[in-house]
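Written out below as structure tokens is the structure these notes cover.
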2 protein chains.
Amino acid sequence: MSDRTESRGRIIASARRLFYEAGYENTSYADLAAAAGVPKGNFYYHFKSKDELLGAVLEARHADVAAALDTWAAQARTPQEGLRRFVRMVMSEEEALVAYGCPVGSLLTELGKHRDDLREAARAVMDLYVEWLTARFTELGHPARHAEVLAKRLLARAQGAIVMAHAYGDQALLRRELKDIEAWLSEQAPT
Amino acid sequence: MSDRTESRGRIIASARRLFYEAGYENTSYADLAAAAGVPKGNFYYHFKSKDELLGAVLEARHADVAAALDTWAAQARTPQEGLRRFVRMVMSEEEALVAYGCPVGSLLTELGKHRDDLREAARAVMDLYVEWLTARFTELGHPARHAEVLAKRLLARAQGAIVMAHAYGDQALLRRELKDIEAWLSEQAPT
DNA sequence: GTCTATATTATGATAGAC
DNA sequence: GTCTATCATAATATAGAC
């Protein structure tokens, strides 16, 4: 919980960035050591393995996302506002998303091919969004079952837009699709 | 062009399957040798490097997709039928897509983080779909610019559905989203 | 807790016999 | 064209000094 240790936090922060920007498999301890300014050997004091490091990275992201969603929930005065807030968050990350893809989605794609345990941890982050969005759709009056369908549909549309924008390096594509998603949201969430 | 060589074809076929199922970086020559029944050393007679092998794999997929699209174009009597055919093709691959993701999309996600040249080859496969679908939307009367937007939107929605279905191992999710995409298509393509 | 070795293994790639 | 043996390297991981 508490990060009394100096380097542990720096390692996690660097790993979080590099795993995202370069991919998990493609990031070596040498890369991490250079980025974090911590020698390779030190890594194994804090984490038994590279997998465990990814676990810690996912834990940190999980905590951040959970905190962000709490803030949104407190700020948004209507469910419509909350849903809109989600799309705006994606928009605000456009540049990174076009350059590197979705940090959760691309990791899920990479891990999906193997490593079932880590995949579960990554999915837990996605689940935070699913549950939060489901709650907003429920507040709008949608039955629980359908609210979850809509939440996953919203996430699927965002994921797809990011995949295509990333593939083509096309920021305009991402913005355009997000606008279309907002329009679709308005239909599901009459004011 | 001609595959007079016995093993070259087997290598490409195995690589195509393993790169898809396990990911490119995560597939080693040892894995490929075991799958293809060809010793490691032989690989370098046919391909100078692993990257070149992936290039050949992408070339093979490119040819297959191009051939499939030609067939569809010949069979579909209306643009509506062509667009519907695309969605049905995705449906027919549901099991593999849930298990391993989209062969083009997940590769683009993996390569997007590095390796610009190979990324271009993978994007060329996606472009086949973009151009073919754009032609169908154009036939429907949409202006060229908008037709391409719709084509990429259709692909984005398919990609997003696959990412989520793959992440959750949920085939029902994929089918449900594809049905919704078909409904959306009907709106864009009035009969 | 931190860092410097170093071990161990697995990888992509070669050389050369057949 | 095919295969065996092997190389060089880079990766994850350890041992142990400080």
P39(B) side chain, from C-beta outward: closest of dT14(D), dC3(D), dA13(C): dC3(D)

Spacing between R115(B) atom CZ and dG12(C) atom C1', to the nearest angstrom: 11 Å

DNA chain C: 5'-proximal contact among H46(A) and E25(B) (nearest heavy atom): H46(A)

Closest-nucleotide 5' rank along DNA chain D - winner of D31(A) and V38(B): V38(B)

Between P of dT12(D) and CD of E52(A), the distance in whole Å: 15 Å

H142(B) side chain to Q188(B) backbone, donor-acceptor under 3.5 Å: yes

Separation of atom CZ in F47(A) from atom P in dA13(D), rounded to whole Å: 13 Å

Distance in angstrom units between R10(B) CZ and dT2(D) P, rounded: 9 Å

S7(A), nearest nucleotide to its side chain (from dT12(D), dA13(C), dT2(C)): dT2(C)

dT12(D) phosphate, OP1 or OP2, under 4.0 Å from Y44(A) side-chain N/O: no

First of N42(A) and A30(A) reached from the 5' end of DNA chain D, by closest nucleotide: A30(A)

Given dA11(D), dA13(D), dG12(C), the nucleotide with the shortest approach to the side chain of Y29(A): dA13(D)

Distance flag, aromatic centroids of F47(B) and Y29(B), threshold under 6.0 Å: no

Separation of dT2(C) C1' from Y45(A) OH (nearest whole Å): 9 Å

K40(B) NZ to dA10(C) C1', straight-line distance once rounded to whole Å: 8 Å

Spacing of E59(B) atom CD and L53(B) atom CG [to the nearest 0.5 Å]: 11.5 Å

Expected output: side-chain Y168(B) to main-chain L173(B) donor-acceptor under 3.5 Å: no

Parallel, tilted or perpendicular: rings of Y129(B) and W72(B) (30°, 60°): tilted

Value in whole Å for how far the C1' atom of dA10(C) lies from CG of L32(B): 14 Å

Protein-nucleotide distance (E6(B), atom CD; dC3(D), atom P), rounded to Å: 10 Å

